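Every chain is numbered from 1, with letters handed out A, B, ... down the list of sequences. None of the values given here were measured: they were computed from a predicted structure.
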2 protein chains.
Amino acid sequence: MGTTQVEAVPEPKYWHLRTVLSEALDSEFSVGEILPNERELAARFGVARATLRQALEQLELEGRLQRRRGVGTTVAPPRVGVSVGTEQHLWPGAPGDAWQPSDCTLAAPPAAVADALGTGRDEAVHTVRRSRRTHGRPVAAELLYVPASSVPDLSAIEAPSGPARARAVLRELQRRQLQRQESAVELGSAHAEDAKVLDRLPGSPVLVVTTRYVAGDRTAALSVATYRADTCRLTFGDAGGVQIHHDPPSRAC
Amino acid sequence: MGTTQVEAVPEPKYWHLRTVLSEALDSEFSVGEILPNERELAARFGVARATLRQALEQLELEGRLQRRRGVGTTVAPPRVGVSVGTEQHLWPGAPGDAWQPSDCTLAAPPAAVADALGTGRDEAVHTVRRSRRTHGRPVAAELLYVPASSVPDLSAIEAPSGPARARAVLRELQRRQLQRQESAVELGSAHAEDAKVLDRLPGSPVLVVTTRYVAGDRTAALSVATYRADTCRLTFGDAGGVQIHHDPPSRAC
DNA sequence: TAGTGGTCTAGACCACTCC
DNA sequence: GAGTGGTCTAGACCACTAG
């Protein structure tokens with residue numbers, strides 16, 4: 001027939017919409033600007049609100065938009081690079097690290113953590129809570145598990161819990177020789193507690209960084225840190241500068 | 001009044017459902033097993049299919065489930081750890097690296113890449129496509145940008161494009177001294193091409209790893225690799241062993 | 001109190017896989 | 001062709017923010 005190739009695999013509407021909106025964001029909006037509300041946008045593009053929302057979700061996932069209930073949808077600033085692994089390995093809590101200890105308890109950790117630490121499943125470990133902010137915004141929440149054997153000289157008299165205790169545990173950690181550290185990054189979703197600290201809704205995507213600190217050939221500490229996936233770019237080996245990743249040219253539709 | 005605390009902040013249904021399903025996966029299903037279909041599950045839990053799907057989406061994001069159109073929903077195996085950054089820095093294509101070159105072209109890169117490379121926006125660079133598989137499954141697709149100046153001795157006569165050309169570019173790269181490399185990890189969504197290679201739908205979540213290879217104080221190559229976020233755990237400093245991250249105990253509801 | 005995004009419903013049809 | 005997950009609709013109501 002005379003018709004030219006007709007879009008063999010039709011793009012879903014929400015995907016097309018994502019592309020259109022993405023281009024509009026590049027050319028017609030500036031950071032911080034408020035978009036029209038969802039009902040308005042849906043009407044303007046002639047789609048159901050649910051479909052529009054699917055497109056917005058994608059863009060939020062990619063860090064292009066920020067949505068806040070009761071407020072509106074705004075254009076997000078570029079992701080901030082947060083340094084996660086540096087060349088020289090340091091204990092958590094070393095001078096100059098970016099974390100703020102907020103609490104410390106002594107309790108049996110989740111089974112998976114106990115296994116990774118090589119402690120018994122009912123053995124109590126110090127659990128330090130810390131959080132991290134950048135440009136005044138919360139970017140990460142951490143649980144740091146430190147077996148009692150890693151901080152043998154920790155005074156039992158000092159504050160039994162709370163921030164002071166957390167600092168004491170971190171202080172004691174510095175006295176040991178750090179052999180090496182290993183990290184892993186994976187995608188997760190924020191649980192209620194993390195979500196609260198990160199100022200997001202539960203279920204929002206986070207990058208989970210698990211770090212094993214090795215000393216004396218044993219796992220001396222284990223950190224599980226969750227970073228907001230929408231606003232963060234995790235840098236290893238200090239790559240603060242690299243700033244790629246806006247879509248390469250996509251086919252028209 | 002006499003009523004006990006009534007769930008001050010009611011959990012969304014889909015979130016509750018996620019928790020229930022997650023626990024069921026732990027206790028009643030084994031890897032690879034097929035779940036009942038969505039209509040069935042929705043009916044069983046007394047919710048609309050869309051709500052159930054929201055819960056499944058979460059679990060898929062967390063790497064617990066795998067859904068395939070026309071087939072069904074299966075219990076996913078644990079994420080595979082893929083080594084991304086090692087202690088000793090090596091050029092891409094060094095002996096033993098996990099990537100399979102598939103193509104190479106010479107063209108002007110996206111503007112953002114040109115800027116990061118410090119080349120002119122219209123200057124052509126070698127663009128090597130590579131892919132990476134683990135246990136027979138595709139896990140990542142990469143675009144590697146190599147400015148002509150980084151491979152000065154590259155013979156113009158050899159295959160002008162295709163896998164042979166890609167290997168030639170990588171081979172030439174090895175001759176230079178690698179100073180250091182810097183990586184960044186962020187969340188993205190798969191474009192059509194990547195989605196195809198990764199055997200996923202467009203828009204599915206990916207971990208984008210941007211690596212800058214520095215030689216002679218200049219960016220000698222730039223790699224943009226997209227990993228399937230559902231099946232991969234990226235390891236730095238070789239942390240193959242760490243395997244945490246199943247939800248900590250969550251509050252009942 | 002008005003306006004926003006977040007949740008949820010009950011349907012419909014489509015694209016894909018496998019028999 | 002039967003059965004699966006993927007897309008889409010047109011509504012409703014809720015939770016939150018801010019004037």
Assign B/R68 to base, sugar-phosphate, or nothing according to its heavy-atom contacts below 4.0 angstrom with the strands shown.
-> sugar-phosphate
Counterpart base for D/dG19, defined by Watson-Crick or G-U wobble contacts under 3.5 Å | none
Non-hydrogen atoms of B/R133 and B/P138 that approach each other most closely = NH2-CD, 4.0 Å
Could one point to a donor on the side chain of A/R69 or the base of C/dG3 with an acceptor on the other under 3.5 Å away?
-> no
Can you check whether B/T73 has a side-chain N or O nearer than 4.0 Å to OP1 or OP2 of D/dT4?
-> no
Closer than 4.0 Å, any side-chain N/O of A/T51 to the OP1 or OP2 of D/dT7?
-> no
Exceeds 12 heavy-atom contacts within 6.0 angstrom, atom CZ of B/R200 | yes
Looking at A/N37, does any N or O in its side chain come under 4.0 Å of the phosphate oxygens OP1/OP2 on C/dG3?
-> no
Nearest whole angstrom, please: distance from the P of C/dG6 to the CG of A/L65.
-> 11 Å
Around atom CZ of B/R68, are there more than 12 heavy atoms of other residues, nucleotides or ligands at under 6.0 Å?
-> no
Separation of B/R39 atom CZ from D/dG6 atom C1', in whole Å?
-> 10 Å
Atom-pair distance (CZ on B/R18; P on C/dT7), nearest Å | 14 Å
Is the count of non-hydrogen atoms from other residues, nucleotides or ligands lying under 6.0 Å from B/I34 atom CD1 greater than 12?
-> no
What integer distance in Å separates B/Q54:CD from C/dG6:C1'?
-> 9 Å
Quick one: which of D/dA12, C/dT9, D/dT7 gets closest to the side chain of A/R49?
-> D/dA12
Contact class for B/L56 (heavy atom, under 4.0 Å): base, sugar-phosphate, or nothing?
-> nothing
Look at B/Y14 and C/dC8 and indicate whether a side-chain polar atom (N or O) is within less than 4.0 Å of OP1 or OP2.
-> no
If only side-chain N and O atoms of A/R53 are considered, is one of them under 4.0 Å from the OP1 or OP2 phosphate oxygen of C/dG6?
-> yes
Contact nearer the 5' end of DNA chain C, comparing B/K13 with B/G70 = B/K13
